[in-house]
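Worksheet: the structure to be examined is printed underneath.
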Amino acid sequence: MEAFLDTFFNIDIMLQALPLLLKGAVVTLKLCAVVIVLGLCGGLMLALGALSPRRWLRWSSIVYIDLFRAVPPLVLLVFVYSGLPFAGIRLSPFVAVVIAFFLNNSAYFAEVFRAGITSVPKGQSEAARATGLSPVQCMGYIVLPQAVRNVLPDLLSNTVEVVKLTSLASVVSLSELLYSANMARSVTYNSSPLVMAAILYLAVLWPLVRVISRYQRGLAVN
Amino acid sequence: MTASRTMLEIHALEKRFDQTEVLKNIDLKVGEGELVFVIGPSGSGKSTMLRCCNRLEEPTSGAIMIDRERITDIPRRDLDRMRLKVGMVFQGFHLYPHMSVLKNVMLAQVKALGRSKPEAQARALDMLDQVGLKHKADAKPAELSGGQQQRVAIARALALDPKVMLFDEPTSALDPELVGSVLKVMKELREKGMTMLVVSHEMAFAREAADRVVFMDGGYVIEQGPPDELFGNPKSDRLKAFLSRVSGNEAA
């Protein structure tokens, strides 16, 4: 028991590693913010594209969505960071991660938005158009607010996935939370920093996951 | 036919979905202030014809004129301006569930017509008062009965000062005891001189309130005339068959 606590829950080492981990957590948060905002915007655009009456726009959006949902994000990341330099494109770890995860996430968010938009009855947009609202106004005031409400749990779930996904950035030596914790582990020769990183992830994501579950149950009841 | 000028005119309208012909050579006139009823079995093309009148459905050929403007010639991107002149009420109400009743009636006034918010609000309250629902202005559509929702939908269309109102089976989704409140609003509208084209199965109301009744079957206008004539002395076999089926249903 003593040895177990000493290896995984060593308070001294945790306190020692804390500044480094907090720095890593800040990088993780920044990364999340950028990737989530870009992913949401890109996903919405792609969803609108996939539902467009223009054939070329619809098909190119659908191909993009299918493609980047099928390619593993880690493969994308390694390709963008380590593959592209062979073509003379050298990116910083942060930029490489943002690009790779944007490609992956926008495709996932697009699927959620598309499901949301198609869940709004056609009569809603017909009624809106019949009162002289333009297609853009109809989408913005009538369809999207209902679409987002219908898929809010899925949007939040996807957001949770993004936060977890950012830990992959450690493979390109971006000093986010996991990378920092692993660094501290190798320096202190003790696993407690990794446990602490896990606790930090848990502290942020657990409440979010709870909220999603409650919301979904609420929807089921209504 | 009344002597007033023509407000809505349909000429040689055809509509095809792929290979299926839904409307064949439809001719129809609605004079200003007239209430014209369209009856016929389901699948006869009534609703499609109505939806062509604000281009929710694109006619395959033919012309539709509203207030002397040939709306079938308007380019797709300019349809919004035309639609302000044509109010439409749907079978399924289609109120916006995420907005209050008041916002439902205000939205297009502000965003499509360009009225100021106070102006739009005053007008919305006025319209809601007209359909007897001013006290529900702050309610959400889900809190209203079907009949109340449909009256709000009518107010939403009226608030834009349309020249013509199209009603697509406005009472078909309602419980029988709620139908009367909607028909009452429609009758008041008629008394105020609104031009109305109504697709409906409310035969008693057609007989009582319509200026003219149009019978459609299989995509054709088979017969039209004053309600007394059409119901009292139907000429075509198809109309006779339809009327006996409908009255049979009413008796049952």
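Below, chain A is the first sequence line, B the second, and so on; all start at residue 1. Given the structure is predicted, the values throughout are model-derived calculations rather than measurements.
Of the two parts of B/Val86, only the backbone, made up of N, CA, C and O, holds a non-hydrogen atom closer than 4.5 Å to a non-hydrogen atom of chain A. Of the atoms belonging to B/Leu79, not a single heavy atom falls under 4.5 Å from chain A. Only the side chain of B/Met99 comes within less than 4.5 Å of a heavy atom of chain A; its backbone N, CA, C and O stay farther away.
The local environment of CE in A/Met183 is sparse, with at most 12 non-hydrogen atoms from other residues, nucleotides or ligands closer than 6.0 Å.
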Candidate polar pairs, chain B side and chain A side, donor-acceptor under 3.5 Å:
{"unit_1": "B/Arg51", "atom_1": "NH1", "unit_2": "A/Glu126", "atom_2": "OE1", "d": "2.9"}
{"unit_1": "B/Arg51", "atom_1": "NH1", "unit_2": "A/Glu126", "atom_2": "OE2", "d": "3.4"}
{"unit_1": "B/Arg51", "atom_1": "NH2", "unit_2": "A/Glu126", "atom_2": "OE2", "d": "2.7"}
{"unit_1": "B/Asp80", "atom_1": "OD1", "unit_2": "A/Arg129", "atom_2": "NH2", "d": "3.1"}
{"unit_1": "B/Leu95", "atom_1": "O", "unit_2": "A/Gln124", "atom_2": "NE2", "d": "2.8"}
{"unit_1": "B/His98", "atom_1": "NE2", "unit_2": "A/Tyr141", "atom_2": "O", "d": "2.8"}
{"unit_1": "B/Lys111", "atom_1": "O", "unit_2": "A/Gln137", "atom_2": "NE2", "d": "3.0"}
{"unit_1": "B/Lys111", "atom_1": "NZ", "unit_2": "A/Tyr141", "atom_2": "OH", "d": "3.2"}

Expected list for residues 129-137 of chain B: side-chain donor-acceptor pairs under 3.5 angstrom, two or more places apart:
none

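The side-chain contact (heavy atoms from CB on, under 4.5 Å) search around A/Val171 returns A/Leu74, A/Leu77, not counting sequence neighbours. By the salt bridge (Lys or Arg N to Asp or Glu O under 4.0 Å) test, B/Asp18 pairs with no residue at all, sequence neighbours left out.
For the pair A/Gly132 and B/Ala112, the tightest heavy-atom approach, listed with the atom from each and the gap, is O-CB, 3.4 Å.
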